[in-house]
2 protein chains.
Amino acid sequence: MAPPSNPRSRPSQPAIPAGRASQPAIAGARRVVSDKREAILDAALALFVERGFWGTAVPEIADRAGVGAGTIYRYFDSKEALVNAIYRGQKMRFSAGVLDDFPASANTREQFRTIWMRMARFASANVPAFIFLELHHHASYLDAESRAVEQRMLDIITAVVTAAQARRELKAGDPRLLMGLVLGAFIGVIRSCLDVGQTPADADWAFAEQCIWEAIRS
Amino acid sequence: MAPPSNPRSRPSQPAIPAGRASQPAIAGARRVVSDKREAILDAALALFVERGFWGTAVPEIADRAGVGAGTIYRYFDSKEALVNAIYRGQKMRFSAGVLDDFPASANTREQFRTIWMRMARFASANVPAFIFLELHHHASYLDAESRAVEQRMLDIITAVVTAAQARRELKAGDPRLLMGLVLGAFIGVIRSCLDVGQTPADADWAFAEQCIWEAIRS
DNA sequence: AGTGTTGGAATGAATATTCATTCCGAGACG
DNA sequence: CGTCTCGGAATGAATATTCATTCCAACACT
């Protein structure tokens with residue numbers, strides 16, 4: 001009995017009042033709704049960082065967000081959809097923060113400093129978000145689109161690196177290796193600070209940037 | 001004639017028959033017991049790497065290890081005790097592989113190469129174990145002793161780094177930052193290869209070693 | 001040696017708990 | 001007063017852990 005088919009119509013979207021972009025000031029109701037969605041995302045992000053995806057219970061997320069457990073399912077189809085929404089949103093924020101207005105014509109030294117410092121700015125201002133992205137890198141419950149978001153950023157940076165190598169301003173070798181080395185070092189810097197309960201200071205970021213530049217320059 | 005000085009009197013430990021090694025032919029029994037413990041550790045390590053701690057069900061571990069679910073509780077008090085046993089065991093293996101017979105009197109360049117290449121050797125020969133250690137770094141279910149094992153290794157390397165800085169052969173700065181940077185880069189190299197389904201070749205390790213040396217040398 | 005006894009390792013179905021998801025009555029809003 | 005959002009108890013599946021039972025190798029005693 002009870003065929004697994006969902007008798008209820010699929011309300012596809014969480015049925016947010018679908019606010020026309022025509023209500024500029026009076027956002028009372030919509031604001032509340034929107035705030036709930038944000039509260040759920042924020043609470044889930046924090047808990048996923050603390051205990052991991054499988055270690056976090058949905059009702060816990062609801063409690064921390066100050067909403068009922070059922071409310072979460074008004075905004076997200078499932079726990080997996082929730083974690084994917086967080087991943088995509090943060091990854092795109094990160095990607096935009098690093099790549100928007102990228103100085104494509106600057107020299108390699110400048111380009112590297114730009115990328116590094118923008119990553120540092122994002123990571124310092126959004127420590128939990130950055131750790132979340134780190135922690136869920138390649139997790140089994142990420143869907144194809146979430147992976148695509150990641151891949152898009154990777155492709156862009158790969159092109160930048162390859163171009164710099166062609167100009168002989170970076171060491172020759174597999175671009176993926178160089179990028180993995182840089183990103184790994186970046187994460188290592190954060191972790192070494194977080195392990196002591198601090199977030200890296202600007203001076204730390206600048207110091208590490210110089211170190212890693214010397215690692216990859218030709 | 002087989003001094004059976006082993007009456008029934010071992011209530012606390014899993015009570016491996018522990019018979020005097022005087023019955024070469026009958027080693028069967030003890031072998032079986034010991035193998036079960038190993039089988040459980042191996043199966044759990046693999047599954048924890050694949051699905052994470054919370055994502056892995058204890059009966060799954062039992063199936064993979066080829067034992068009954070209850071048997072796991074003859075060897076480990078709980079799922080957490082099991083993950084801690086794996087962590088401690090692998091961390092100590094890693095620590096020994098890197099630090100045993102450390103060339104304390106070699107110059108800094110040699111010392112760095114030694115540490116890096118020994119880490120590479122361990123990581124390449126024990127990919128799942130290394131990923132396990134990475135994945136469970138600072139996990140909430142690790143107990144105090146597991147953390148202590150980690151700390152012990154860290155303290156030793158910190159001393160080496162500090163000494164090298166005093167000789168002005170490494171860049172000045174917080175040793176933790178330098179170490180985090182190096183370890184992070186190391187992990188980044190592994191990940192960049194694993195993402196493509198390969199393990200780093202010797203040439204990759206050597207290349208990365210040279211890069212990172214240039215990052216930290218004074 | 002042959003036979004009976006026994007301690008305790010091994011098992012896996014049973015239990016109690018926890019979890020993701022659903023459901024529906026109660027309000028808020030217009 | 002109809003419509004729509006919330007909350008949180010209800011539900012059923014899944015999970016960690018237990019425990020009554022089976023099984024076997026090593027004595028004990030002939």
Side-chain angles (χ1 to χ4, degrees), chain A residues 1-2 4-11 13-19 23 26-37 39-40 44 47 51-83 141, chain B residues 1-20 22-23 25-37 39-40 44 47 51-63 65-83 141:
Chain A
M1 58 166 14
S5 65
N6 192 341
R8 286 204 162 281
S9 68
R10 188 149 302 267
Q13 287 303 26
I16 297 172
Q23 306 285 9
I26 303 185
R30 193 180 50 204
R31 169 66 58 78
V32 168
V33 169
S34 163
D35 277 357
K36 273 189 209 295
R37 197 187 139 93
I40 292 166
L47 284 168
R51 303 199 238 280
F53 177 69
W54 297 108
T56 302
V58 172
E60 269 182 308
I61 299 171
D63 282 352
R64 161 105 69 145
V67 304
T71 303
I72 288 180
Y73 289 86
R74 298 200 66 72
Y75 292 92
F76 304 96
D77 285 344
S78 66
K79 192 185 180 187
E80 292 205 2
L82 170 57
V83 77
Y141 36 80
Chain B
M1 46 156 7
S5 62
N6 184 19
R8 64 296 319 226
S9 65
R10 186 132 285 133
S12 68
Q13 287 300 38
I16 298 171
R20 262 41 190 117
S22 56
Q23 304 285 14
I26 309 183
R30 190 180 51 204
R31 169 69 56 81
V32 167
V33 170
S34 163
D35 277 357
K36 272 189 208 301
R37 197 187 138 94
I40 293 167
L47 284 168
R51 304 191 232 266
F53 177 70
W54 298 107
T56 302
V58 172
E60 271 182 305
I61 300 172
D63 282 353
V67 305
T71 304
I72 289 180
Y73 290 87
R74 298 203 63 73
Y75 291 92
F76 305 97
D77 285 344
S78 66
K79 194 184 179 188
E80 292 206 1
L82 170 57
V83 78
Y141 37 80

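Proteins come first, then strands; the chains are lettered A, B, ... in the order of their sequence lines, and each starts at number 1.
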Roughly, in whole Å, what's the span from [atom1] in [X] to [atom2] in [N]?
X: B/F76; N: D/dT18; atom1: CZ; atom2: C1'; result: 18 Å
X: B/I40; N: C/dA10; atom1: CD1; atom2: P; result: 8 Å
X: A/D63; N: C/dT18; atom1: CG; atom2: C1'; result: 14 Å
X: A/R64; N: D/dG7; atom1: CZ; atom2: C1'; result: 20 Å
X: B/L47; N: D/dA16; atom1: CG; atom2: P; result: 11 Å
X: A/E60; N: D/dG8; atom1: CD; atom2: P; result: 16 Å
X: A/D35; N: D/dT5; atom1: CG; atom2: P; result: 16 Å
X: B/I72; N: D/dT15; atom1: CD1; atom2: P; result: 14 Å

Choose from [options] the nucleotide whose nearest atom is closest to any side-chain atom of [X].
X: B/S78; options: C/dT11, D/dT17, D/dG8; result: D/dT17
X: B/R74; options: D/dA16, C/dA20, C/dT11; result: C/dT11
X: A/K36; options: D/dA16, D/dC6, C/dA9; result: D/dC6

Please tell me if the side chains of [X] and [Y] come closer than 4.5 Å, counting only heavy atoms from C-beta onward.
X: B/R51; Y: B/E60; value: yes
X: A/V58; Y: A/L82; value: no
X: A/K79; Y: A/Y141; value: no

TODO: Specify the residue among A/G70 and B/V67 whose closest nucleotide of DNA chain C lies further upstream toward the 5′ end.
DONE: B/V67
Task: Minimum heavy-atom distance between A/L47 and A/R64, given as atom pair plus value - done: CD2-NH2, 3.5 Å
- [ ] Please report the shortest heavy-atom distance between B/I61 and B/I40, naming the atom on each side.
- [x]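 Residues B/I61 and B/I40, closest heavy atoms: CG2-O, 4.1 Å.
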If you compare every side-chain N and O of [X] against the phosphate oxygens of [N] (OP1, OP2), does one of them come in below 4.0 Å?
X: A/T71; N: D/dC6; value: no
X: B/K79; N: D/dT15; value: no
X: B/Y73; N: D/dC19; value: no

- [ ] Determine the contact category for A/A57: base if any of its heavy atoms lies under 4.0 Å from a base atom, sugar-phosphate if only primed atoms, P, OP1 or OP2 are that close, otherwise nothing.
- [x] sugar-phosphate
